[in-house]
Amino acid sequence: MYFLARFVRLIDSLNDAIGRGVAWLTIPLVVITFLVATLRYGFSVGWVSMQESYLWLYGIIFMLGAGYTLLHGGHVRVDVFYRPASARYKAWVDLIGTVFLLLPVLVLVFIYSYPYVITSWKRLEGSQETGGLPGLFLFKSVILVFCVLMGLQGLSLAARSILVLTGHREFETNEEEHEGV
């Protein structure tokens, strides 16, 4: 169980650090979105590359921040039964959901995305739009990184659940600490 506890702490700290770092990308995202809207509606001016940049930034923030969101309980779930439940019940729900839903879906996304990412790298693919951003191959690669980070966080969640089920109370999540995250 010592290895499992270390694994949970390592993955949790990795995704926490990445999530906190990626959160800073929201500043340029807001600035670029403001500029696009102001230039388009105020001056009838626009650039495809500027529009693509905020879409790509949003995608990067979403994909690289997904593990952070799962770690801090910000993902979507029905809390009607989950919130008032005991720690053991929550651990079972998390373990079953992770093993039978989250991880298989991430494996499928990775398997089906990988060939497209490789093809994109071979072509050094850029935007198909005139005046669009080069480096679409880099953006597509974030899909694979998303699968890995989210998969690791899913494994951490499953390991945390096993630790809770075997009596390690320090790994029980405190829902109140996640409020407002």
Side-chain angles (χ1 to χ4, degrees), residues 10-79 82 94 97-158 173 177-181:
L10 175 69
I11 298 306
D12 288 357
S13 62
L14 171 70
N15 269 313
D16 190 64
I18 290 171
R20 288 178 188 278
V22 166
W24 286 99
L25 291 177
T26 57
I27 294 170
L29 175 66
V30 169
V31 170
I32 292 169
T33 304
F34 171 78
L35 287 173
V36 166
T38 302
L39 290 173
R40 179 186 300 154
Y41 298 111
F43 303 101
S44 298
V45 175
W47 292 278
V48 173
S49 58
M50 200 174 208
Q51 289 176 289
E52 285 184 353
S53 65
Y54 78 77
L55 292 172
W56 289 16
L57 267 174
Y58 178 76
I60 289 168
I61 293 166
F62 177 84
M63 288 188 281
L64 296 183
Y68 177 89
T69 304
L70 180 59
L71 169 64
H72 291 286
H75 58 288
V76 176
R77 72 168 171 249
V78 179
D79 277 350
Y82 188 87
D94 290 343
T98 299
V99 170
F100 293 108
L101 295 172
L102 178 65
L103 294 176
V105 167
L106 289 172
V107 167
L108 287 174
V109 170
F110 189 92
I111 289 169
Y112 284 104
S113 299
Y114 185 78
Y116 292 104
V117 173
I118 295 302
T119 301
S120 187
W121 269 88
K122 287 179 181 175
R123 296 179 183 163
L124 296 177
E125 184 179 14
S127 174
Q128 294 180 359
E129 300 294 326
T130 304
L133 294 173
L136 183 59
F137 62 99
L138 294 170
F139 180 69
K140 284 185 176 182
S141 299
V142 177
I143 297 167
L144 301 180
V145 176
F146 155 76
C147 289
V148 170
L149 290 174
M150 190 69 164
L152 286 171
Q153 193 59 51
L155 290 172
S156 173
L157 181 60
T173 57
E177 74 186 33
H178 301 308
E179 293 292 323
V181 172

- Query: Between atom OH of Y58 and atom CE of M63, what is the distance when rounded to the nearest 0.5 Å?
  - Reply: 10.5 Å

- Query: Using 30° and 60° as the class limits, which term best fits the ring planes of F137 and W121: parallel, tilted or perpendicular?
  - Reply: perpendicular

- Item | Approximate separation, where rounding is to 0.5 Å, of Q51 CD and T33 OG1 | 10.5 Å

- Query: Is the backbone of L10 close enough, under 3.5 Å, to the side chain of S13 for a donor and an acceptor to pair up by distance?
  - Reply: yes

- Item | Step-by-step side chain to side chain contact (heavy atoms under 4.5 Å, CB included) determination, Y54 to V30 | CA-CA 8 Å; Y54 78 77; V30 169; over 6 Å; no

- Message: Donor-acceptor check, side chain of T119 to backbone of Y116, threshold 3.5 angstrom: yes or no?
- Response: no

- Which heavy atom in T98 sits nearest to a heavy atom in G154, and how many Å separate them? CG2-O, 3.0 Å

- Where do Y82 and D94 land on the side chain to side chain contact (heavy atoms under 4.5 Å, CB included) test, with the steps shown first? CA-CA 10 Å; Y82 188 87; D94 290 343; 2.8 Å; yes

- Task: Search all heavy atoms of L70 against all heavy atoms of L157 and return the closest pair with its distance.
- Result: CD1-CD2, 4.1 Å

- Message: For the backbone of M50 and the side chain of S53, can you confirm whether one donor and one acceptor N or O come within less than 3.5 Å of each other?
- Response: yes

- Query: Between V48 and G132, which heavy-atom pair has the shortest distance, and what is it?
  - Reply: CG1-CA, 3.9 Å

- Go through F139 and L136 one step at a time and tell me if the side chain to side chain contact (heavy atoms under 4.5 Å, CB included) criterion holds. CA-CA 5 Å; F139 180 69; L136 183 59; 4.1 Å; yes

- Query: Could you give the distance from OG1 (T69) to CD (Q153), rounded to the nearest 0.5 Å?
  - Reply: 10.0 Å

- Derivation of the side chain to side chain contact (heavy atoms under 4.5 Å, CB included) call for L144 and Y114: CA-CA 7 Å; L144 301 180; Y114 185 78; 3.9 Å; yes

- Residue pair L57 / I32, side-chain heavy-atom distance below 4.5 Å: yes

- Query: So how far is it from L71 CG to L149 CG, rounded to the nearest 0.5 Å?
  - Reply: 12.0 Å

- Task: Hey, could you give me the CZ/OG1 distance between F43 and T38, rounded to the nearest 0.5 Å?
- Result: 7.5 Å

- Query: Looking only at heavy atoms, what is the nearest atom pair of K140 and S120, with distance?
  - Reply: CD-OG, 3.7 Å

- Tightest non-hydrogen contact, residues I143 and S113, listed as CG2-OG, 3.5 Å

- Item | Non-hydrogen side-chain atoms of I11 and N15 separated by less than 4.5 Å | yes

- Message: I'd like to know if the side chain of E52 reaches the main chain of L133, judged simply by a donor and an acceptor atom lying under 3.5 Å from each other, with no hydrogens or angles considered.
- Response: yes

- About how many Å separate CG of L103 and CE of M150, when rounded to the nearest 0.5 Å? 9.5 Å

- Closest non-hydrogen atom pair between I60 and V22, with its separation: O-CG1, 4.3 Å

